[in-house]
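Quick note on labels: first sequence line is chain A, next is B, and so on, each numbered from 1. Bear in mind the structure is a predicted one, so any value in this text is a computation, not a measurement.
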Amino acid sequence: MVDTIQLLQRMLDVSAARHETLAANLANANTPDYKRRDLPFRETLAHAMNAQPGEAALQATVDKSAPTDSKGNSVSTSKELTHILENTLLYETCAQALSRKYAGMRKAIKGSN
Amino acid sequence: MGEGLGLIPAVSISTTGLDAQTRRMEATAQNIANANTTVRPGEVAVGRQEVILAAKFASVMRNQTIEKVPAGVEIRNVVETPRDPKKVFRPGHPDADAEGFVRMSGIDPLEEMVEMMNATRAYEANLSAIRAGRTMAQKALEIGK
């Protein structure tokens with residue numbers, strides 16, 4: 001059985017790491033020759049589940065598919081903001097799910113609310 | 001990461017973005033302020049200030065290897081590029097040459113306005129990222145409630 005709490009914790013970790021990557025992209029929206037980086041959630045999570053905590057698993061990679069502008073920059077402000085919004089929602093969902101999990105355990109221990 | 005408590009994810013990264021855009025805004029303001037500056041005969045016109053940005057990375061030790069992690073953006077330098085001065089016929093002006101022409105700095109206010117709007121939008125985008133980070137931190141604090 002997959003440990004739900006551990007899975008949710010790792011999802012929170014990956015989501016927080018992805019937020020750092022996306023924030024760095026936004027900060028470099030006007031930097032010449034900057035290429036946007038991303039953390040593919042699925043792959044990173046799978047890697048993070050097998051790795052020991054703190055191991056080199058949350059490394060962002062350069063997104064080669066993004067189109068570059070005349071200055072060689074591949075950051076689109078609106079797209080990054082959308083990714084950030086989506087990622088924040090995922091983070092909130094995981095935090096919420098973790099809360100429910102704990103609430104359920106509390107209920108089981110106490111036998112009531 | 002870096003300074004601060006690290007309570008809000010990526011706040012130090014987004015702060016570098018805010019700083020960079022503020023510096024850009026300053027350069028643009030300086031340029032607009034000098035759009036009508038005249039040049040004395042024999043002197044060089046005031047140049048157009050431009051902020052050159054570069055991506056910033058920090059080295060961290062993880063699992064016995066040194067990794068480069070994103071640390072935001074940094075101002076590499078601020079360059080001043082001279083523009084061809086505009087010549088305006090204004091005899092009697094103290095800076096006029098023998099034919100009565102005054103040289104004005106070649107700064108284009110329109111170009112500066114576009115730059116200013118660009119910097120404002122980028123500033124707002126970085127603020128949004130900080131706000132999103134704050135939401136994440138708040139939700140993390142609510143775990144178990």
Side-chain angles (χ1 to χ4, degrees), chain A residues 5 8-9 12-13 15-37 39 51-52 54-60 71 73 75-78 80-103 105-106, chain B residues 1 6 8-21 24 51-58 60-76 115 118-119 121-145:
Chain A
I5 288 176
L8 288 169
Q9 277 173 351
L12 286 172
D13 284 345
S15 185
R18 182 156 189 245
H19 181 74
E20 292 218 338
T21 311
L22 297 174
N25 286 342
L26 264 188
N28 283 294
N30 298 108
T31 308
D33 291 322
Y34 179 86
K35 302 285 181 280
R36 81 173 291 269
R37 281 143 217 273
L39 214 68
Q52 290 298 309
E55 227 180 276
L58 305 176
Q59 185 77 299
K71 281 184 185 165
N73 187 303
V75 178
S76 153
T77 312
S78 48
E80 294 307 327
L81 282 173
T82 319
H83 287 315
I84 286 183
L85 210 68
E86 190 186 47
N87 190 54
T88 313
L89 268 176
L90 181 74
Y91 191 92
E92 285 179 38
T93 312
C94 294
Q96 184 79 248
L98 204 53
S99 280
R100 299 262 169 106
K101 182 77 187 162
Y102 284 135
M105 285 166 83
R106 203 157 38 222
Chain B
M1 215 166 272
I8 300 174
V11 73
S12 60
I13 292 175
S14 296
T15 310
T16 64
L18 292 180
D19 286 345
Q21 300 309 327
R24 259 178 96 196
V51 181
I52 310 295
L53 303 173
K56 196 171 140 191
F57 293 95
V60 289
M61 196 71 167
R62 227 186 256 164
N63 210 25
Q64 263 119 51
T65 49
I66 293 165
E67 276 179 32
K68 284 209 179 295
V69 293
V73 67
E74 65 184 345
I75 297 156
R76 206 197 297 144
E115 183 76 5
N118 222 324
R121 294 292 165 267
Y123 189 92
E124 284 167 5
N126 280 295
L127 265 187
S128 298
I130 294 178
R131 245 180 255 127
R134 188 189 61 183
T135 311
M136 287 166 78
Q138 274 171 347
K139 294 296 161 187
L141 289 171
E142 282 168 19
I143 295 174
K145 267 193 186 164

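Contacts of B:Arg24 with chain A are made by side-chain atoms alone, with heavy-atom separations under 4.5 Å and no backbone atom involved. Residue contact with chain B, scored on non-hydrogen atoms closer than 4.5 Å, is absent for A:Leu89.
Here the CG atom belonging to A:Leu22 is positioned 10.0 Å from the OG atom belonging to B:Ser14, to the nearest 0.5 angstrom. Atom-to-atom distance recorded for A:Arg100:CZ and B:Ile143:CD1 is 13.0 Å, nearest 0.5 angstrom.
The greatest number of non-hydrogen atom pairs below 4.5 Å with chain B, out of A:Glu92, A:Glu80, A:Arg37, is found for A:Glu92. Comparing B:Ala125, B:Ala10, B:Gly17 by heavy-atom pairs within less than 4.5 Å of chain A, the highest count is held by B:Ala10. Among the candidates A:Leu26, A:Thr77, A:Asn28, A:Leu85, the residue making the largest number of heavy-atom pairs closer than 4.5 Å to chain B is A:Asn28.
The side-chain heavy atoms of A:Asn30 and B:Asn118, taken from C-beta on, include a pair separated by under 4.5 Å. Looking at heavy atoms from C-beta onward, B:Ile13 lies in side-chain contact with A:Glu20 at the 4.5 angstrom threshold.
When every heavy atom of B:Pro70 is checked against every heavy atom of A:Ala24, the shortest pair comes out as CB-CB, 3.4 Å.
Evaluation of the side chain to side chain donor-acceptor pair (under 3.5 Å) rule for A:Asn87 yields A:Ser15 as partners, not counting sequence neighbours.
The closest donor-acceptor contact from the side chain of A:Thr31 to the backbone of B:Ala54 lies at 3.5 Å or more, if one exists at all.
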Please tabulate, for side-chain N and O atoms in residues 126-140 of chain B, each donor-acceptor pair with protein atoms closer than 3.5 Å (sequence neighbours left out).
| from | atom 1 | to | atom 2 | distance (Å) |
| --- | --- | --- | --- | --- |
| B:Asn126 | ND2 | B:Ala122 | O | 3.0 |
| B:Ser128 | OG | B:Glu124 | O | 3.1 |
| B:Thr135 | OG1 | B:Arg131 | O | 2.9 |

